[in-house]
2 protein chains.
Amino acid sequence: MSAKAHKNKTDPVEPTRERILSAAESVFAQFGYDGATVRRISQAAGVPVALVNYHFGSKLGLYRAIFEKRTPTVIDKRVAGLQMARAEPDLDRRVDLVVRALIWPMFALRGDDPSADFGRIVTREMSDPQAEARGVFKEMFDPVADMLIAAIGECFPDWTKAEVHWAYHTMLGAMTIVLTDNGRIGRLSDGEVSSDRWEEAAVHVCSILSAGLKYRDRSQTRG
Amino acid sequence: MSAKAHKNKTDPVEPTRERILSAAESVFAQFGYDGATVRRISQAAGVPVALVNYHFGSKLGLYRAIFEKRTPTVIDKRVAGLQMARAEPDLDRRVDLVVRALIWPMFALRGDDPSADFGRIVTREMSDPQAEARGVFKEMFDPVADMLIAAIGECFPDWTKAEVHWAYHTMLGAMTIVLTDNGRIGRLSDGEVSSDRWEEAAVHVCSILSAGLKYRDRSQTRG
DNA sequence: AATAATCTTGAACGGTTGTTCAATCCCCAC
DNA sequence: GTGGGGATTGAACAACCGTTCAAGATTATT
């Protein structure tokens with residue numbers, strides 16, 4: 001009787017599975033894995049509770065499905081960014097490209113609004129010890145993290161392993177706080193700046209990180 | 001019959017309230033606000049469930065009590081660090097001191113082990129939209145954040161407001177990821193570096209951030 | 001020693017959690 | 001049209017949630 005009544009196989013009007021998936025993305029981002037309830041997700045999607053378990057098996061299955069949907073985009077962009085960086089012979093400029101390869105693919109999630117939630121889910125997962133038990137984050141993001149760390153090492157051949165790794169995590173942390181922000185940045189600046197304008201944020205953060213790597217004082221870390 | 005039987009008012013062997021408080025700190029850090037259950041906390045403290053609500057009124061009351069116990073130490077150290085920075089006439093050196101004033105008081109929590117958990121609770125609170133509803137973080141940390149942002153502005157009088165604020169949040173993010181880490185940093189570096197050795201981490205992160213602020217390329221952010 | 005105040009206890013409260021199940025619906029191939 | 005298989009539904013499950021309560025144990029005050 002409704003619009004969805006005459007759906008077909010190739011392009012259903014609003015496939016239920018997809019509706020649940022994007023509702024879950026929003027609810028998980030807002031309430032976290034434990035705070036989010038299957039009932040609230042199903043309600044947001046406008047479907048009965050049982051459908052969630054029918055389509056995704058379990059709450060964890062639904063959670064994993066979100067990552068399986070979103071991560072490839074981010075990973076691919078990062079790999080592409082790193083290839084571009086490797087092609088740059090000038091080491092100074094290459095640093096800028098490596099920083100960009102880390103930051104931009106994640107910030108770009110804020111571009112299309114529904115997937116802005118995924119950024120928050122990822123940062124929540126990073127700060128959750130229980131994430132290890134879920135296993136999702138590790139298996140999806142560790143490989144590309146290794147690539148990024150290697151790329152930093154190639155930019156600074158004389159750095160110690162500790163210097164390279166701490167540089168990566170410093171960058172990662174700076175990126176994280178923009179993704180994770182929920183209004184505090186705007187509040188503290190009286191609305192002057194906002195994490196919603198992600199391109200502006202990226203320019204600021206990248207400029208600081210690039211200079212930080214290039215001009216850091218290594219006298220205490222050279223080892 | 002146990003040791004706690006002959007407790008007195010001045011120094012009880014292990015005051016129940018305090019036992020609950022530190023058990024809660026550990027459980028909240030491990031499972032987050034929603035994931036932590038009052039029953040698990042009481043079990044970790046070795047007391048019946050009802051005692052939690054008797055001493056703290058509610059789960060939220062217990063949560064707030066943790067912040068009321070720990071924050072003053074951090075805030076006081078930061079304020080002291082900022083006073084020291086203001087006394088430094090050389091602007092380059094003053095930057096280093098401001099960065100230290102932000103980073104060290106939080107990292108120092110890792111010094112005495114039980115309160116290492118508090119660092120994770122704080123970073124969890126930062127990435128949780130529901131934190132606003134609890135109100136704890138905002139009311140306790142925003143004032144000193146304003147002071148830190150002002151101190152950065154004084155180091156770089158010609159910077160725009162956006163440059164100052166993004167600088168602060170970049171620093172904050174870098175700090176956050178060390179506090180929030182639960183083994184990933186060690187895993188990615190094959191155990192070479194660890195967030196447990198917080199002084200080493202602080203030196204690396206501070207050196208990058210200091211250089212980042214001093215030597216950033218402002219051509220795209222000058223506005 | 002007797003009374004009052006505080007702390008501790010185990011059991012219970014109503015409500016919510018993730019998940020399951022049998023019954024129903026809809027669409028497509030025959 | 002007539003089966004049949006996937007999609008959907010509402011109700012039910014046991015387990016657990018935060019909180020409350022009346023009763024008992026302990027400590028403090030008179």
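In what follows, chains are A, B, ... by sequence order, proteins preceding strands, each numbered from 1.
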Determine to 10° how strongly the helix from C/dT8-D/dA23 to C/dC30-D/dG1 is bent, judged from the axes of its five-pair ends.
10°
For the CZ atom of A/Arg86 and the SG atom of A/Cys155, what is their distance to the nearest 0.5 Å?
9.0 Å
Side chain of A/Val38 (C-beta onward), nearest among C/dT19, D/dG10, D/dT19:
C/dT19
Which parts of residues 51-60 of chain B get close to DNA chain D, meaning a heavy atom less than 4.0 angstrom away?
B/Asn53, B/Ser58, B/Lys59
Take the protein atom CD1 of A/Ile20 and the nucleotide atom P of D/dA7, then report the distance between them rounded to whole Å.
11 Å
Hey, what's the ring geometry for B/Trp166 with B/His169, parallel, tilted or perpendicular (30° and 60° as the breaks)?
perpendicular
Residue whose nearest DNA chain C nucleotide is more 5′ - B/Arg39 or B/Arg17
B/Arg17
B/Arg40 CZ to C/dT17 C1', straight-line distance once rounded to whole Å:
14 Å
Once you measure the plane-to-plane angle for B/Phe28 and B/Tyr33, does it fall in the parallel (<30°), tilted (30-60°) or perpendicular (>60°) bin?
parallel
In whole Å, what is the span from the CD atom of B/Gln43 to the P atom of D/dG18?
13 Å
Separation of C/dC7 atom C1' from B/Glu18 atom CD, nearest Å, is 16 Å
A/Arg134/A/Glu139 ion pair, N-O < 4.0 Å
no
Would you sort out whether B/Arg70 and B/Glu25 count as a side chain to side chain contact (heavy atoms under 4.5 Å, CB included), showing the intermediate values?
CA-CA 10 Å; B/Arg70 296 287 186 193; B/Glu25 211 168 11; 2.6 Å; yes
Please give me the minimum heavy-atom distance between A/Gly119 and A/Leu109, naming the atom from each residue.
N-CD1, 4.2 Å
B/Ile41 atom CD1 is separated from D/dC16 atom P, nearest whole Å, by 17 Å
Nearest-nucleotide wise, let me know which of B/Val49 and A/Tyr33 is further upstream toward the 5' end of DNA chain C.
B/Val49
Interatomic distance, B/Arg134 CZ vs D/dG18 P [rounded to whole Å]:
13 Å
Kindly determine whether A/Tyr63 and A/Glu125 satisfy side chain to side chain donor-acceptor pair (under 3.5 Å), including the steps that lead there.
CA-CA 11 Å; A/Tyr63 195 69; A/Glu125 192 75 359; 2.4 Å; yes
CD1-CD1 distance between A/Ile121 and A/Ile66, expressed to the nearest 0.5 angstrom
4.5 Å
Determine whether B/Met106 and B/Val122 make a side-chain contact, defined as any pair of heavy atoms from C-beta on separated by less than 4.5 Å.
yes
Examine D/dC16: is either OP1 or OP2 under 4.0 Å from a nitrogen or oxygen in the side chain of B/Thr37? Give yes or no.
no
